[in-house]
Amino acid sequence: MSKKFPENKKFDLSKINKEINVFWKENEIFEKSVESRKGNPTFVFNEGPPSANGKPGIHHVMARTIKDLFCRYKTQQGFQVKRKAGWDTHGLPVELAVENAKGITKEDIGTKISIEEFNAACRKDVMKFTNMWEELTESMGYWINMDDPYITYDNKYIETVWYLLKELHKKELLYKGYSIQPYSPAAGSGLSTHELNQPGCYRDVKDTTVVAQFKVINNDKSVSLFNATDTDLYILAWTTTPWTLPSNTALTVGANIEYALIRTFNPYTGIPITVMIAKELMGRYFPEKYAEMPLEDYVPGNKHVPFKILTTVMGGVLEGLSYEQLIDWVKPEGKSFKVLLGDFVTTEEGTGVVHTSPTFGADDYRVALANDIASLIVIDKDGNEQPLVDRKGRFFRIKDLDEGFVMNQVNLETYGAFEGKYVKNEYDETKSEKDPTIDVDIVVQLKTENKAFRIEKHIHNYPHCWRTDKPILYYPLDSWFVRTTAMKERMMELNDTINWKPASTGTGRFGKWLENLVDWNLSRARFWGTPLPIWVTEDKSEQICIGSVAELKSEVDRSVKAGLMKTNPLENFMIGDNSEENYSIFDLHRPFVDEIVLVSESGQKMLREPVLIDVWFDSGSMPYAQYHYPFEHKDDFDQLYPADFIAEGVDQTRGWFFTLHAIATMLFDSVSFKNIISNGLVLDKAGNKMSKRLGNAVDPFHAIQEHGSDPLRWYMITNAQPWDNLKFDVSGVDEVKRKFFGTLYNTYSFFALYANVDGFTYEAEEVQVETRPEIDRWVISLLNTLIKEVKEQYENYEPTRAARLIQDFVTENLSNWYVRLNRKRYWGGEFDTNKRAAYQTLYTCLETVAMLAAPIAPFYMDKLFNDLNRITKRHTEESVHLTRFPEHNDSLIDTALEARMEVAQKLSSMILGLRRKVNIKVRQPLNRMMIPVPDQVFQEQVDGVKSLVLNEVNVKDIEYITDTAGILVKRIKPNFKVLGPRYGKLMKEVSSAINEMEQEEIARFEKEKAFHIRIGEESIALTLEDVEIISEDIPGWLVANEGAITVALDIGITEELRMEGVARELINRIQNIRKESGFDVTDKINVLIEKHELINIAVKKHKQYIGSQTLANSVSLTDSIENDLSKRIDIDDDVFINIRVTRV
RNA sequence: GGGCCUGUAGCUCAGCUGGCUAGAGCGCACGACUGAUAAUCGUGAGGUCGGUGGUUCAAGUCCACCUAGGCCCA
């Protein structure tokens, strides 16, 4: 086998990606990374299940990079990190996709197509993009076990979910209620708050709004108000949904809000009226300037309507007022049309009076219930109570209502024109956006009836169904709830123990949400999902919640015995047998469970509640259900739960994060996860949201193919903190590729090139670090600091900082400084200890970087590691991902040395800057530079790096200036950190006194090490610690200064220096010729140079030097050379000579 | 309307517990280097740190309000 480090001409990360993937697969590296940690402590990671019926996007690469890198890191730390993939398979999106594909609607399910058929189609459809997901997973290098994923539709998974539900039921945390919920008539489904969470649900819409006039009835309660006026009295209430006005049964005011009675005119009819409105909000409807206008001058139709405040009252005294029904389509039964008090009334908007329709508003429902106010309901043909709007989103058709009800309570005359009309045009296929809405019809009618005070268009934020894109309604629905409010306090307590990244998401977004928690609405009236395992008797007096297949089997047995079922479909189910076969003889979905009839304690027939549960409960159950707990893994569950780490997008805060936390708190009194990163969004480069519609979405497959996964991952991690939004710009990926990977690769190539020449294989004895040259010890010191800090950042879940540290080390310290300054050590010369140290040092740096960066850039780092390790065999592991994370060695960290080198870097940079200023090439040697040294320490620092600096900037010597004989111009600055606390308010004056010190005073201060300044009456004693004195200038010299360092350069070029410069120019030209001629790095040459007065002396004098640098056996001068064998070169602007270079 | 995040150079981002002349990369301009060369390096221009007010000897940093953008929720 070749003992050479691989050298590749091309650097193709995308190709490396593929090669390494093959390597991983063939050698089962992922499996080994888990297996090899067997018996070690576990690091529990839980994967949030993606929905397999959607295609993966670039944001998945982001989230999965974060997940992957910590799992890899923890593996390197020695933990066993099991990673089980999962699929979220239930829910509305799947159903809608199938409906779409089959061209059916919800109504057709159970009629045109059986539920069984439909669910079979869902089961198939949901996994349709599985291949794509697997491909992405592999190509991006996301290590997760896809062979045995948890699937939420799996019987075992469902069984665990049932178990959890039963536990909730036992604790009486599961109950049936009725509430106003977001409902999508277009989808025919209620929406969970989690579904309303979907990005883009809330959208600005323009609706017709109306301030309606509710006519107060003059009675005992209101008589005092009527005494104040001579007209009818109206309460003004504003609504953005006029279609709810026919369902109005109350008005709600704020007890502590002041309301004004205002005498004015209806602007549309011109009829004199008195209206009531929150005083604070008057300005919107009654511009101050019209207050002056005399009421009696008003001419109907005039836009300027005069008004006059008659009196004001507090909302509290309005409670109990009666008013006339605004729209008399349907008579409500029970107490109605009263003024109520509510704490949700504000004076932010509208009139300070809330139009209350208990069937269409959550607050409305609550306040009505508390005050015993009736809802406006109708009775349908089946005798059920319904709101005025049916499930399709239209006013109930008269033919769908109970005849008796219509006769007694419906005003056919007024309702007739509206029955069957959709309340939103979006629901009506025959209508477009441009058609007038039902709101307009209603409002126009009110206008003619003197019941509308102000009509206007209003833009507001309104939720839309995330799938159909159509507006939702708030609608009364029966539901099963999880009583999350009962555990609110505990959830908050446990939340405080979770390490959130960023912390603000935990305390703010999530914490505040917990504070305002409402009960979790669990029911979904759909088909494809986990069925609610609750059976209820017809009279609803008895119920049972089933918690396992075994329990179901025995309950069915009872039912069979009671004669309610003929046979037990679970007859063949073997209790306790967890095999796939045993669990595949039935299907816990509908319609299987619907067909099961159970018998109650008292012998009554029980039917299943015909609902499914919220899919979020499925995903929140994954920590348990993925392992079929407690039916399996009961004994080792403490090894699998709770999770040490999860990560998902911040949009999951109220989704998955919440459901995990809620279930864990309620049933296990535990957190579900200890550390969590919620990452931000991936936006396009302009900061816009990516969407298919806009065509700005980045295709992850294409991006990986084009750039390779590593640069993509590295870019995503380094560019912004994970929790900030990422403005994704491919040019940034390119930059990362060039800047970081390119540099690292170059550094490796450089190493490989010379290591191969010299046959370095790290076999020879390790050179003791203490005996290595200073620059080696410097880079090793930095490397150890790097190891320490990178580990800290990973441990703190700060991947961005870790990656930036690594990148900085590679590009700045390793490549730009260490390798650049050390190049000469690698080429030519003996393979002595010094050279060995150079190789070993560079090798260690490369190897360590590979190990540190492996979690983030798993492909290239594995290649780098193996390219190195295959030759040296320093590690027995066959992949970097099987190695242990490097440990830093404190004794190798030399901060003084690091500081010294920083001085060297600064000095070099300053000198190069000076050279540039006066246009002297670096190749031209200069005699000396001078550095004022304020103290011994600094001089020692510079001395330590003297040769490096001199070499780098091509200057012969450094001269230290310690004498303050007056040649140096100094600057003195106060040390605020020391003086500030001491002198407080005096600081300003102290500071200016110090700044105003003369050169001579500074010199005296330095000499005496103490100084007194006068501030008014006070004398202040200063020591050298209180100030900073910097030499700023050396008159007559070329000077640069940066921070506390000042340097001067002697730019005089003597003849001798000039000759040396010429020699260097020659060397440069000869090297170029060597290269152009394609000579090998080790080829020996002969050099023949045409004479020229300007170079003759230089050549003679530096013959030796030129020869050694260019590997020339001979360097000789000649009168002339035949042109065809020579090259014409320029040494100076106007000096051209011929030169011949031949290989020996 | 509420909660949270973000606003620093043309772009992407650093800037820890307040302290001295606010930094880096990219881009741009200019230049150097030339056996790491489909590389590398240097120099320069470019900022009223979103705005206003406050606390403080001292504010990019702390506080209040405002403003713009984003996410989530009403």
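So that the names make sense, note that chain A is the first sequence line, chain B the second, and so on, each numbered from 1. Side chains are part of it too, since the values below use all heavy atoms of this structure and drop only hydrogens, waters and symmetry mates.
- Separation of the P atoms belonging to B:rU67 and B:rA74 is 24 Å when rounded to the nearest angstrom.
- B:rU40 atom P lies 12 Å from atom CD of A:Glu812, rounded to whole Å.
- In summary, the side chains of A:Thr356 and A:Thr252 do present a donor paired with an acceptor at a separation below 3.5 Å, with no hydrogens or angles considered.
- Side chain of A:Tyr839 to backbone of A:Tyr754: a donor-acceptor contact under 3.5 angstrom is found.
- Here the separation of B:rU43 from B:rG25, taken at their P atoms, is 9 Å to the nearest Å.
- Nucleotide B:rG19 forms a pair with B:rC57, judged by Watson-Crick or G-U wobble geometry with both contacts under 3.5 Å.
- Of the C1' atoms belonging to B:rU12 and B:rG54, the separation is 33 Å, rounded to the nearest Å.
- With both ends at atom C1', the span from B:rG42 to B:rC4 equals 45 Å, rounded to whole Å.
- Residue-to-nucleotide contacts include no donor-acceptor pair under 3.5 Å from the side chain of A:Thr743 to the base of B:rA39.
- Side-chain nitrogen and oxygen atoms of A:Arg804 include none within less than 4.0 Å of the OP1 or OP2 phosphate oxygen of B:rG23.
- Ring geometry for A:Phe5 against A:Phe760 counts as parallel: the plane angle stays under 30°, on a 0 to 90° scale with 60° as the upper cut.
- Summarising the base pairing, B:rG47 is matched to no nucleotide, lacking a Watson-Crick or G-U wobble pair whose two defining distances lie under 3.5 Å.
- Proximity note for A:Asn725 (side chain, C-beta onward) versus B:rG70, B:rC26, B:rU12: the nearest is B:rG70.
- Donor-acceptor pairing under 3.5 Å is lacking for the side chains of A:Asp12 and A:Ser14.
- Atom NZ of A:Lys488 sits in a crowded spot, with more than 12 heavy atoms from other residues, nucleotides or ligands closer than 6.0 Å.
- The distance between atom CH2 of A:Trp500 and atom P of B:rG3, rounded to the nearest whole Å, is 19 Å.
- The pairing partner recorded for B:rU34 is none, the criterion being a Watson-Crick or G-U wobble arrangement whose two distances lie under 3.5 angstrom.
- Across all strands shown, the partner of B:rA68 is B:rU6, judged by Watson-Crick or G-U wobble contacts whose two distances both fall under 3.5 Å.
- Base-pair partner of B:rG1: B:rC73 (Watson-Crick or G-U wobble, both distances under 3.5 Å).
- Distances were taken from every side-chain heavy atom of A:Asn719 (C-beta onward) to each of B:rU37, B:rU12, B:rC5; the shortest belongs to B:rU12.
- B:rG19 and B:rC72: their P atoms are spaced 36 Å apart (whole Å).
- You'll find that the side chain of A:Phe750 is closest to B:rA36, out of B:rC13, B:rC5, B:rA36.
- A:Ile677 places its CD1 atom 16 Å from the C1' atom of B:rC5, with the value rounded to the nearest Å.
- Here B:rU12 presents its P atom at 23 Å from CZ of A:Phe740, a figure rounded to the nearest Å.
- If you measure from atom CG of A:Asn746 to atom C1' of B:rC41, you get 13 Å, rounded to the nearest angstrom.
- Side chains of A:Asp519 and A:Thr485: a donor on one and an acceptor on the other come within 3.5 Å.
- Rounded to whole Å, the distance from CZ on A:Phe510 to P on B:rC72 is 16 Å.
- Here the P atom of nucleotide B:rG42 and the CH2 atom of A:Trp817 are 9 Å apart, to the nearest Å.
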Set out, in order, the CA-CA distance, both residues' side-chain angles and the distance that settles ring-ring contact (aromatic ring centres under 6.0 Å, His included) for A:His661 and A:Phe510, then state yes or no. CA-CA 10 Å; A:His661 189 63; A:Phe510 194 67; 5.6 Å; yes
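- Nucleotides B:rU34 and B:rA45 are separated by 27 Å at their P atoms, to the nearest Å.
- Proximity note for A:Leu681 (side chain, C-beta onward) versus B:rC71, B:rU37, B:rG25: the nearest is B:rC71.
- Here the separation of B:rG10 from B:rU52, taken at their C1' atoms, is 27 Å to the nearest Å.
- Between A:Lys739 and A:Ser815, the residue anchored nearer the 5' end of RNA chain B, judged by the nucleotide with its closest heavy atom, is A:Lys739.
- Nearest to the side chain of A:Lys512, among B:rG3, B:rA36, B:rG27, sits B:rG3.
- For B:rG15, one of the phosphate oxygens OP1 or OP2 lies less than 4.0 angstrom from a side-chain nitrogen or oxygen of A:Arg801.
- The distance between atom CE of A:Met716 and atom P of B:rU12, rounded to the nearest whole Å, is 16 Å.
- Look at the P atom in both B:rC65 and B:rG3: the space between them is 10 Å, to the nearest Å.
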